[in-house]
2 protein chains.
Amino acid sequence: MIYSSELIKGTLKTIVLKLLEDNGRMYGYEITQKVKDLTGDRIQITEGALYPTLHVLEEDGLLVTDVEYIGKRVRKYYRLSNEGKAKTNEKVSELRDFIGTIQFLLDLKPQNS
Amino acid sequence: MIYSSELIKGTLKTIVLKLLEDNGRMYGYEITQKVKDLTGDRIQITEGALYPTLHVLEEDGLLVTDVEYIGKRVRKYYRLSNEGKAKTNEKVSELRDFIGTIQFLLDLKPQNS
DNA sequence: CTGCAATACCTAAGTTTCTTATGTATCTTT
DNA sequence: AAAGATACATAAGAAACTTAGGTATTGCAG
């Protein structure tokens with residue numbers, strides 16, 4: 001089962017930031033594969049969603065890049081800036097908190113009106 | 001603290017369906033207030049987001065409506081159709097599952113490369 | 001040794017879905 | 001009497017995704 005894409009919306013940035021926090025540095029394609037692996041294929045980040053997101057995070061100063069060549073093939077590594085590290089903590093705790101709230105809503109019992 | 005709106009995206013439909021499942025029938029304005037109350041103001045569904053969503057769910061056959069008058073003021077009550085009840089179960093369990101996956105990602109420990 | 005799949009980057013058009021702003025009207029409270 | 005709450009609704013714009021491409025290199029199976 002693959003989650004409907006609308007669920008991923010809104011969590012994509014946070015997931016990317018968290019992965020970079022855990023792994024130090026990663027390149028785009030690696031991120032798509034890592035998420036796929038870690039979630040047993042349930043979350044599949046498309047490249048069309050990921051690359052623009054990475055570019056925005058970089059523009060916002062949260063990520064910095066360095067390029068490496070593997071043979072002739074280019075690899076663009078991303079890692080967190082200091083600002084990005086702070087933002088990651090913010091976003092991760094907001095998401096944790098949000099999840100708690102949603103679980104509360106989902107666990108409510110039917111009201112007998 | 002109010003959750004950034006991007007987090008709500010993707011969960012709005014499911015939350016609305018779940019509330020209707022619990023409460024039998026509700027009108028739009030009531031839903032916005034209920035969510036606000038239940039979440040201690042942390043999730044605020046705007047009317048600009050809610051009404052179009054309700055209309056879409058109705059068009060999709062998941063909700064049925066009946067109108068009541070409170071004095072001269074109109075109230076449009078929504079409740080789940082049979083199809084809507086099935087869909088609600090689907091969406092709720094998908095969201096529960098998704099939350100589990102996200103929590104797993106958020107709880108991963110940093111990798112010492 | 002060739003062709004396909006995987007690796008690796010990227011962008012653009014279109015769609016969905018939300019935000020923001022506005023409109024209308026009634027009811028309640030000060 | 002005015003302001004805020006209740007209650008519906010829509011429309012323009014923005015954001016963020018999907019889908020569909022494009023380019024190029026590398027590895028592997030037949």
Side-chain angles (χ1 to χ4, degrees), chain A residues 2-17 19 23 25-37 41 43-60 62-63 65-78 91 95 98, chain B residues 2-17 19 23 25-37 41 43-60 62-79 91 95 98:
Chain A
I2 298 171
Y3 300 125
S4 69
S5 60
E6 53 180 18
L7 281 178
I8 285 95
K9 297 183 192 183
T11 57
L12 177 56
K13 276 186 188 172
T14 308
I15 289 171
V16 168
L17 291 171
L19 278 178
N23 295 281
R25 58 175 215 157
M26 300 179 84
Y27 54 98
Y29 186 78
E30 185 185 11
I31 293 174
T32 64
Q33 298 308 304
K34 190 80 173 178
V35 170
K36 205 162 165 288
D37 287 351
D41 291 5
I43 298 182
Q44 300 194 9
I45 299 178
T46 61
E47 301 189 330
L50 180 63
Y51 287 118
T53 297
L54 288 171
H55 299 161
V56 168
L57 290 172
E58 189 183 7
E59 271 171 49
D60 291 349
L62 304 180
L63 302 184
T65 60
D66 48 303
V67 167
E68 274 189 23
Y69 281 86
I70 309 299
K72 284 180 186 168
R73 192 154 54 191
V74 72
R75 242 186 220 175
K76 196 165 163 190
Y77 277 97
Y78 290 87
K91 300 274 279 179
L95 182 50
F98 178 71
Chain B
I2 298 170
Y3 300 125
S4 69
S5 60
E6 53 180 19
L7 280 178
I8 286 96
K9 296 181 191 183
T11 58
L12 177 56
K13 275 186 190 173
T14 308
I15 289 171
V16 168
L17 291 171
L19 278 178
N23 293 280
R25 56 174 217 160
M26 301 178 82
Y27 54 98
Y29 186 78
E30 186 185 11
I31 293 175
T32 65
Q33 299 307 305
K34 191 80 174 180
V35 170
K36 204 162 165 285
D37 287 351
D41 291 3
I43 297 181
Q44 300 194 8
I45 299 178
T46 62
E47 300 188 329
L50 180 64
Y51 287 119
T53 297
L54 287 171
H55 300 162
V56 168
L57 290 172
E58 190 183 6
E59 271 172 50
D60 291 349
L62 304 181
L63 302 183
V64 288
T65 60
D66 48 304
V67 167
E68 275 190 20
Y69 282 87
I70 309 298
K72 283 180 187 169
R73 192 153 55 189
V74 72
R75 239 185 223 176
K76 197 165 163 189
Y77 277 97
Y78 290 87
R79 57 194 165 74
K91 299 275 278 180
L95 182 50
F98 178 71

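Chain identifiers are assigned alphabetically (A, B, ...) following the order of the sequence lines, protein sequences preceding nucleic acid strands; residue numbering begins at 1 within each chain.
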Margin query: Need one value for A:Glu47: base, sugar-phosphate or nothing, where a base atom within 4.0 Å counts as base even if backbone is also close, heavy atoms only.
Written below: base

Next item on the list: For A:Gly71, report the nucleic acid contact type (base, sugar-phosphate, nothing); a contact means any heavy atom under 4.0 Å.
Entry: sugar-phosphate

Shortest non-hydrogen contact between [X] and [Y], atoms and distance:
{"X": "B:Glu58", "Y": "B:Thr65", "answer": "OE2-OG1, 3.2 Å"}
{"X": "B:Asp41", "Y": "B:Ile2", "answer": "O-CG1, 3.7 Å"}
{"X": "B:Arg25", "Y": "B:Glu30", "answer": "O-OE1, 4.2 Å"}
{"X": "A:Leu7", "Y": "A:Thr11", "answer": "O-OG1, 3.8 Å"}
{"X": "B:Thr32", "Y": "B:Tyr29", "answer": "OG1-O, 2.6 Å"}

Could you check how far [atom1] of [X] sits from [atom2] of [N], rounded to whole Å?
{"X": "A:Glu68", "N": "D:dT25", "atom1": "CD", "atom2": "P", "result": "19 Å"}
{"X": "A:Lys76", "N": "C:dT11", "atom1": "NZ", "atom2": "C1'", "result": "13 Å"}
{"X": "A:Ile31", "N": "C:dC10", "atom1": "CD1", "atom2": "P", "result": "11 Å"}
{"X": "A:Glu58", "N": "C:dC9", "atom1": "CD", "atom2": "P", "result": "13 Å"}
{"X": "A:Leu50", "N": "D:dT18", "atom1": "CG", "atom2": "P", "result": "11 Å"}
{"X": "A:Glu59", "N": "C:dT11", "atom1": "CD", "atom2": "P", "result": "10 Å"}
{"X": "A:Ile43", "N": "D:dC17", "atom1": "CD1", "atom2": "C1'", "result": "15 Å"}
{"X": "A:Lys9", "N": "C:dT15", "atom1": "NZ", "atom2": "P", "result": "14 Å"}

Note to self: With rounding to the nearest 0.5 angstrom, report the CD1 to CZ distance, A:Ile43 to B:Phe98.
What the structure shows: 5.0 Å

OP1 or OP2 of [N] under 4.0 Å from side-chain N/O of [X]:
{"X": "A:Thr53", "N": "D:dA16", "result": "no"}
{"X": "B:Tyr51", "N": "D:dA9", "result": "no"}
{"X": "B:His55", "N": "D:dC8", "result": "no"}
{"X": "A:Tyr27", "N": "C:dA8", "result": "yes"}
{"X": "B:Tyr29", "N": "D:dC8", "result": "no"}

Check: On DNA chain D, nearest-nucleotide positions of B:Gln33 versus B:Leu54: which is more 5'?
Finding: B:Gln33

Note to self: Judged by each residue's nearest nucleotide on DNA chain C, which is more toward the 5′ side, A:Gly48 or A:Val74?
What the structure shows: A:Val74

Options [options], nucleotide nearest the side-chain atoms of [X]:
{"X": "B:Arg73", "options": "C:dT7, D:dA7, C:dC9", "result": "D:dA7"}
{"X": "B:Thr46", "options": "C:dC9, C:dT20, D:dA7", "result": "C:dT20"}
{"X": "B:Lys72", "options": "C:dC9, D:dT18, C:dT26", "result": "C:dT26"}

Next item on the list: Kindly indicate whether the side chain of A:Glu6 and the base of D:dC17 share any N or O donor-acceptor pair separated by less than 3.5 Å?
Entry: no

